[in-house]
Amino acid sequence: MEYFSGTKKMLDFIINDWKLLLILTLIFVVYFYYTRTFDHFEKRGVKFMKPTIFLGNLGPRITAKKSFHSFQYDIYNYFKGNPYGGIFEGTRPLLYILDPELIKAVTIRDFDYFVDRNSLNSNEPRYLKQSLLNLKGSEWKGVRSTLTPAFSSSRLRNMLPLIQHCTQQMVEFLTQYDKKDVEMKDTMGHFTLEVIGACAFGIKCDALTDENAHFVKVAEKFNYMPRSKRMCIFFLLIFMPKMMRYLNISFLYPKSIEELVKILKAAKAERRSSGIKKNDFLQLLIDAAEKEKEDSEHANTYLDDDTIDAQSLLFLIAGYETSSTLLSFAIHVLATKPELQTKLRQHVEELTNGKEMSYELLSQLHYLEGFLLETLRMYPPVSRVDRLCTKNYTLPGTSVQVRAGEVVAIPIYGIHMDPDYYPEPEEFRPERFMDDEKKNRPAHLFLAFGVGPRNCIGLRFAMFSAKLAMVSLLKNFKFSACDKTDDPIKFDRGAMLLKAAKGLWVRLEAL
Ligand code: HEM
Ligand SMILES: *[C@@H]1O[C@H](CO)[C@@H](O)[C@H](O)[C@H]1NC(C)=O
Ligand SMILES: *[C@@H]1O[C@H](CO)[C@@H](O)[C@H](O)[C@H]1NC(C)=O
């Protein structure tokens, strides 16, 4: 009887509490699903950070405890001394490559295995998906080789007057702030937009025209994202990344992008109908597309109209935040290091005073170049890049296999702040990028523009326009720290790219 009643009790329990049972089963399934990958590195004998369910190792990011840069710094130093190490972003394993020889192997020597970037599977319009940043495999190769000539030295030479005109506009604009405090990220953002407008959208850089004002107003908002949408995307990426492909969610601000495409289409139509050729990036794209059409050898054309739009928008997407970050941090460095500022101004004046600006003249400004590169070392706008493995690959000299579909990461900020490669990394020294010091360090340990065949295509354009801007700024203004200057700079904890938490304020004085 005892036995019978025990079983009955059990049965009662199960029947009455089926809800509880269901919940327990559900918890078990969810637990299993969101931890299923957590033995990934253990199986391979790779050192890894212990993950927690759902978040993997992204905890400090989700609670915004750390900026993305200091998160990267911590990961790097956790694995320092090992050639590689693994973390989990949500459930996705991500293998960080630390050893310089392995970085070289993955990004340069064995590039064939890692051609693609790990683009997020979002459901963007074609003119965004077709951008060089997201394209894969042979399509990427085709578009990249068509675009490469756009950044040749002869193209840059031709674009010099366009950019120079924008720097004059900027100087005029800043003159009204004589002896006042100015926030430099916004100011440099405005300048960068005008340069991009002039070179990639065919907009005349002139603060007084409606066309220019309209472009700047629309372009400024292209990556605006309300907080609620940001949270929503973050949640999706962590819990159901595969869903992104089916939902109609864009990482950009759709209204602004639509308007920009309209501006672009109008500019292209005008070029084609007027027959007037200009010396800008847009012209190169139009010309290349026409050439491709005539060239019957090309079985598949890469440059249809959508793809052209994609590349012009790309200038904005890839060039706006990065370039304006470089310039504004550079000004901050000048304001907080008066001796360096004086030295740099002397250098610029010595070499350029009384001469007309030219491509050759600009390339003689070695100290200015060192100064900008050192700014990018300490403050790289992008703190890490990744590569998607497309064919099974064994890391050379190890037994660790990276399989097709897996992702590796290159820790830009970690390498840049590693005292083994950059002694006293907290010290700002432009000389690191000059003469012997530069020669004695492998080139691929400077990573601000990425590395290898998939590096930043805009590298030379970015450096060229940054140098032009700096020459004008140094000749016309003196910068100093003011009450609102935040030194050392605290990084914003919500942003993915480098951003100063309190803006970059300096005091301006016209010379
Ligand atoms: C200081 C300014 C800039 C910085 C720090 C920067 C940084 C980077 C980095 C780190 C990458 C990824 C490289 C890699 O995966 O190895 C990249 C890619 C790229 N950048 Fe830049 N960038 C800057 C300016 C520009 C500008 C002005 C343009 C304008 C066209 C541009 C266009 C691109 C494109 C198209 C790619 C993708 C290249 C490809 O996938 O083939 N960037 N950039
Ligand atoms: C996605 O949304 C945009 C507007 O936000 C709309 O124009 C477009 O047609 C939508 N696409 C799909 C596939 O639903
Ligand atoms: C890659 O490696 C995995 C596991 O070792 C194997 O199952 C798969 O077939 C390989 N793929 C190719 C294309 O060789």
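Indexing begins at 1, ligand by ligand and atom by atom, following the structure's order.
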Completion exercise
If you compare Lys141, Arg117, Arg144, Gln311 by their heavy atoms, the one closest to atom 41 (O) of ligand 1 turns out to be Arg144

Handout entry: Those atoms of ligand 1 less than 4.0 Å from some heavy atom in Ala318
Key = 20 (N), 24 (C), 25 (C), 31 (C), 32 (C), 33 (C), 42 (N)

Fill in the blank from the handout: shortest atom 20 (N) of ligand 1-to-protein heavy-atom contact is with Cys456 SG, 3.2 Å

Exercise for the section: Using a strict 4.0 Å cut-off to heavy atoms of Gly450, name the atoms of ligand 1 that fall inside it. Expected result: 10 (C), 13 (C), 14 (C), 16 (O)

Practice task
Check ligand 1 against Leu314 and write out every atom of the ligand that is under 4.0 Å from a heavy-atom position of the residue.
Solution key: 35 (C)

Practice task
For atom 9 (O) of ligand 3, grab the closest protein heavy atom and report residue, atom and distance to one decimal in Å.
Solution key: Asn392 ND2, 4.8 Å

Problem - Ion pair Lys438/Glu374, N-O distance below 4.0 Å - result: no

Exercise for the section: Answer yes when Lys265 and Glu270 have at least one side-chain N-carboxylate O distance shorter than 4.0 Å, and no when they do not. Expected result: no

Problem - Option whose closest heavy atom lies nearest to atom 23 (C) of ligand 1, chosen from Thr322, Val195, Thr375 - result: Thr322

Practice task
Look only at interatomic distance and state if Arg454 has a nitrogen or oxygen under 3.5 Å from any nitrogen or oxygen of ligand 1.
Solution key: yes

Exercise for the section: For atom 5 (O) of ligand 3, state whether the nearest protein heavy atom is under 4.0 Å away. Expected result: yes

Problem - SB check Asp418 Lys80 (cutoff 4.0 Å) - result: yes

Problem - Flag if over 12 foreign heavy atoms under 6.0 Å of CZ, Arg493 - result: no

Handout entry: Whether over 12 other heavy atoms sit under 6.0 Å from Lys499 NZ
Key = no

Exercise for the section: Go through ligand 1 atom by atom and flag the ones less than 4.0 Å from a non-hydrogen atom of Arg387. Expected result: 14 (C), 15 (O), 16 (O)

Handout entry: Other residues, nucleotides, ligands: >12 heavy atoms within 6.0 Å of Tyr113 OH
Key = no

Exercise for the section: Verify the contact flag for atom 14 (O) of ligand 3, where contact means a protein heavy atom under 4.0 Å away. Expected result: yes

Problem - Nitrogen or oxygen of Val451 less than 3.5 angstrom from that of ligand 1 - result: yes

Problem - Under 3.5 Å: donor-acceptor pair, side chain of Tyr422, backbone of Leu445 - result: yes

Exercise for the section: Determine whether more than 12 heavy atoms belonging to other residues, nucleotides or ligands lie under 6.0 Å from atom NZ of Lys217. Expected result: no

Handout entry: Pair Lys502 + Asp492, salt bridge at N-O below 4.0 Å
Key = no

Completion exercise
Trp140 heavy atoms within 4.0 Å reach ligand 1 at atoms 39 (C), 40 (O), 41 (O)

Handout entry: Numbering as shown, the atoms of ligand 1 that approach Ala462 to under 4.0 Å (heavy-atom distance)
Key = 2 (C), 24 (C)

Exercise for the section: With heavy atoms of Pro381 as the reference, note each atom of ligand 1 found under 4.0 Å away. Expected result: 5 (C)

Handout entry: Enumerated ligand 1 atoms positioned under 4.0 Å from heavy atoms of Ile457
Key = 34 (C), 35 (C)

Practice task
Pick one of side chain, backbone, both or neither for how Leu132 approaches ligand 1, counting any non-hydrogen atom pair under 4.0 Å.
Solution key: both

Problem - Other residues, nucleotides, ligands: >12 heavy atoms within 6.0 Å of Lys104 NZ - result: no

Practice task
Keeping the roles fixed (side chain from Arg387, backbone from Asp116), state whether a donor-acceptor pair exists under 3.5 Å.
Solution key: no

Handout entry: contact_flag Gln401 ligand 3 heavy-atom lt 4.0 Å
Key = yes

